[in-house]
Amino acid sequence: MEVYLDNAASTKPYEEVIEVITSALRNLYANPSSLHKKGLETEKEIRRARNIIAKSIGCAEKDFIFTSGGTEANNLAINGLINSNKRIGKHIVTTRIEHKSILSTFDALKNNGYDITYLDVDKQGFVCLDQFKKSIRPDTALVSIMHANNEVGSIQSVKEISHLIKKINPKTLFHVDGVQAYGKIKVNIAKTKIDAYSISGHKIHGPKGVGGLYIRPGVKISPIIFGGSQEYNLRAGTENVPGIIGFSKAVELIFDKNHVERLNEINKLKTYFYNCLDQNIEEIHFNSDDNENYLPNIINVSILGIRSEIMLHSLEQKGIFISSGSACTSRKKDISHVLEAMGLKHEQIDSAIRISLSQFTTKEEIDYTVEQMKNEVQKLRKIIKR
């Protein structure tokens, strides 16, 4: 049996997504910027795709641009907002548990004279709002806080945070990395004061290499890629037409009339998985809780005494695919900055694994995984204790 439980890293594309991508490669090969009939046909399909995705987050078509993925969307949001709003100040607020595409961008800005405040999180992975309120200053140009964490699934109160920002300093801009949250949490941008929101295709059973960024009307933002007038002059380069079409098809499918019901089913499976692990494997520590404050598909658990890499490869031999942390850093030897920020002990961090479900996950797969995990844990602990 093959069991794929690394959906927070990337999801299996819908068959319908593969089909429309193949069709786009065959038929929509003209450049969307060309003025002839074939070019106009391609441009029309991009416009249709943009409208579908914009509606899914409650924004207008003209306020959404396509990028090559979540990392580019985050970089464009941060650098683009900072470069266009230098008069506000040189202070930035973020958290210690952001994705590396955020933290690395801020490292570069720090080297250019920006003052970065890194907010702490509690043991459950949530920002302290009292500390946050105190962090906003008259010269705070930007706040960037992820909607949901990619390692433990903690959901931040971005709506409340957005209102606090505008109340304390109306000039401060607010960017939200929504890559992990998109498709799992209902988002209505119009009801928030968020200035920029990043999403990605391959987290919702769409293709890799395509994502997008919402930009609130009236907010100034500068491009970081130059050379053409595509994407409302904000992202030069010929559009990834097959990727965009595939992305929009994934959005159509995931946000259909059964969307909420599917999320509830995933959440039930998560609870079942959570309880099975708790009842069958000794000496474990859950780093994410099973409640509404966390994403419905992520379980982060430490199998104490067994390094995560060893557990990962042992399960791989049984056809089970999990993660030892974020896919963007799992090949490096650095410990999880997220779990470290949450105050976990070294033993807990070193033995942490991430299990992430999707709508394709079944109860039978969970039963098989728990059985294999139980066997592997018992075997590995005997070896380690020798």
### Smallest separation among heavy atoms of Leu119 and Ile145, with atom names
CD1-CD1, 4.2 Å
### Task
Check for a donor-acceptor pair, side chain of Gln131 on one end and backbone N or O of Asp120 on the other, with a separation under 3.5 Å.
yes
### Query
Less than 4.0 Å between a side-chain N and a carboxylate O, is that true for Asp139 and Lys90?
no
### Heavy atoms of other groups near Lys166 NZ, more than 12 under 6.0 Å
yes
### Message
With ring-ring contact (aromatic ring centres under 6.0 Å, His included) as the rule and sequence neighbours excluded, what pairs involving residues 241-265 come up?
### Response
Tyr182-Phe255, Phe255-His259
### Query
Is there a path of hydrophobic side-chain contacts, each under 4.5 Å between heavy atoms of I, L, V, M, F, W or Y residues, that connects Val370 with Ile303?
yes
### Message
Determine whether a donor-acceptor pair (N or O, by modelled atom type, separation under 3.5 Å) exists between the side chain of Asp122 and the backbone of Gly125.
### Response
yes
### Task
Give me the ring orientation class for His205 and Tyr14: parallel if the planes are under 30° apart, tilted from 30 to 60°, perpendicular past 60°.
tilted
### Query
Side chain of Ser101, backbone of Thr71: donor and acceptor closer than 3.5 Å?
no
### Query
Can you name the residues that form a side chain to side chain contact (heavy atoms under 4.5 Å, CB included) with Ser157, not counting sequence neighbours?
Glu160
### Query
Should Val251 and Ile65 be counted in the same cluster of Ile, Leu, Val, Met, Phe, Trp and Tyr side chains packed under 4.5 Å apart?
no
### Message
Please enumerate all residues that pass side chain to side chain contact (heavy atoms under 4.5 Å, CB included) together with Lys167, with sequence neighbours excluded.
### Response
none
### Task
Flag yes if Tyr272 and Leu357 sit in one hydrophobic cluster, no otherwise; membership is Ile, Leu, Val, Met, Phe, Trp, Tyr, and two members link when side-chain heavy atoms are under 4.5 Å apart.
yes
### Task
Give the intermediate values and the outcome of salt bridge (Lys or Arg N to Asp or Glu O under 4.0 Å) for residues Lys134 and Asp130.
CA-CA 7 Å; Lys134 293 174 183 176; Asp130 286 336; over 6 Å; no
### Task
For Tyr4, check ring pair (Phe, Tyr, Trp, His ring centres under 6.0 Å) against everything at least two apart and list the hits.
none
#### Entry: Those residues that, when tested against Gln156, pass side-chain hydrogen bond (donor to acceptor under 3.5 Å, both in side chains) (two or more places apart)
none
### Query
Where do Lys268 and Glu265 land on the salt bridge (Lys or Arg N to Asp or Glu O under 4.0 Å) test, with the steps shown first?
CA-CA 5 Å; Lys268 288 178 184 177; Glu265 288 303 313; 3.5 Å; yes
### Query
Short question: side chain of Asn240, backbone of Gly243 - any donor-acceptor pair under 3.5 Å?
yes
### Any pair counted as salt bridge (Lys or Arg N to Asp or Glu O under 4.0 Å), so long as it reaches residues 46-59, sequence neighbours left out
Arg48-Glu252, Arg50-Glu231
### Query
Looking just at side-chain N and O atoms, do Asn287 and Ser302 make a donor-acceptor pair shorter than 3.5 Å?
yes
### Task
Identify, with sequence neighbours excluded, every residue that meets side chain to side chain contact (heavy atoms under 4.5 Å, CB included) alongside Asn291.
Asp289, Asn293, Tyr294
### Query
Out of curiosity, does Val301 fall in the hydrophobic cluster containing Val3 (side-chain heavy atoms, cut-off under 4.5 Å, transitive links)?
yes
### Query
Does the salt bridge (Lys or Arg N to Asp or Glu O under 4.0 Å) test come out yes or no for Lys345 and Glu347, once each step is laid out?
CA-CA 5 Å; Lys345 297 176 182 177; Glu347 180 188 13; over 6 Å; no
### Query
Which pairs with one or both residues in residues 60-79 pass ring-ring contact (aromatic ring centres under 6.0 Å, His included), sequence neighbours excluded?
Phe64-Phe66
### Query
Do Tyr118 and Leu164 belong together in a cluster built from hydrophobic side chains that touch within less than 4.5 Å?
no
### Query
Mind checking what makes side-chain hydrogen bond (donor to acceptor under 3.5 Å, both in side chains) contact with Asn297, not counting sequence neighbours?
none
### Query
Are a donor atom and an acceptor atom from the side chains of Ser154 and Gln124 found within less than 3.5 Å of each other?
no
## Note on the structure
Across all chains, not counting sequence neighbours, the salt bridge (charged side-chain N to carboxylate O under 4.0 Å, His left out) partners of Glu282 are none
### Message
I'd like to check the side chain to side chain contact (heavy atoms under 4.5 Å, CB included) partners of Lys86; sequence neighbours left out, ordered by chain and number.
### Response
Asn83, Tyr114
### Query
Can a salt bridge be assigned to the pair Glu371 and Lys374 using a cut-off of 4.0 Å between side-chain N and carboxylate O?
no
### Query
Between the side chain of Ser336 and the main-chain N/O of Leu339, is any donor-acceptor distance below 3.5 Å?
yes
### Pairwise distance CG(Leu5) to CG(Leu315) - rounded to 0.5 angstrom
9.0 Å
### Query
Between the side chains of His175 and Ser198, does any donor sit under 3.5 Å from an acceptor?
yes
### Task
Keeping the roles fixed (side chain from Gln230, backbone from Gly237), state whether a donor-acceptor pair exists under 3.5 Å.
yes
### Query
Crowded around Tyr232 OH? As in, over 12 foreign heavy atoms under 6.0 Å?
yes
### Query
Between Glu98 and Thr95, do the side chains contain an N or O donor and an N or O acceptor separated by less than 3.5 Å?
yes
### Task
Mind running salt bridge (Lys or Arg N to Asp or Glu O under 4.0 Å) on Asp6 and Arg354 for me, showing each step along the way?
CA-CA 8 Å; Asp6 195 18; Arg354 181 185 66 183; 3.3 Å; yes
### Message
Could you check whether Asn27 and Ser23, counting side-chain N and O atoms only, form a donor-acceptor pair closer than 3.5 Å?
### Response
yes
Enumerate donor-acceptor pairs with a distance under 3.5 Å from any side-chain N or O in residues 209-218 to protein atoms, sequence neighbours excluded.
from	atom 1	to	atom 2	distance (Å)
Arg216	NE	Asp195	OD1	2.7
Arg216	NH2	Asp195	OD1	2.7

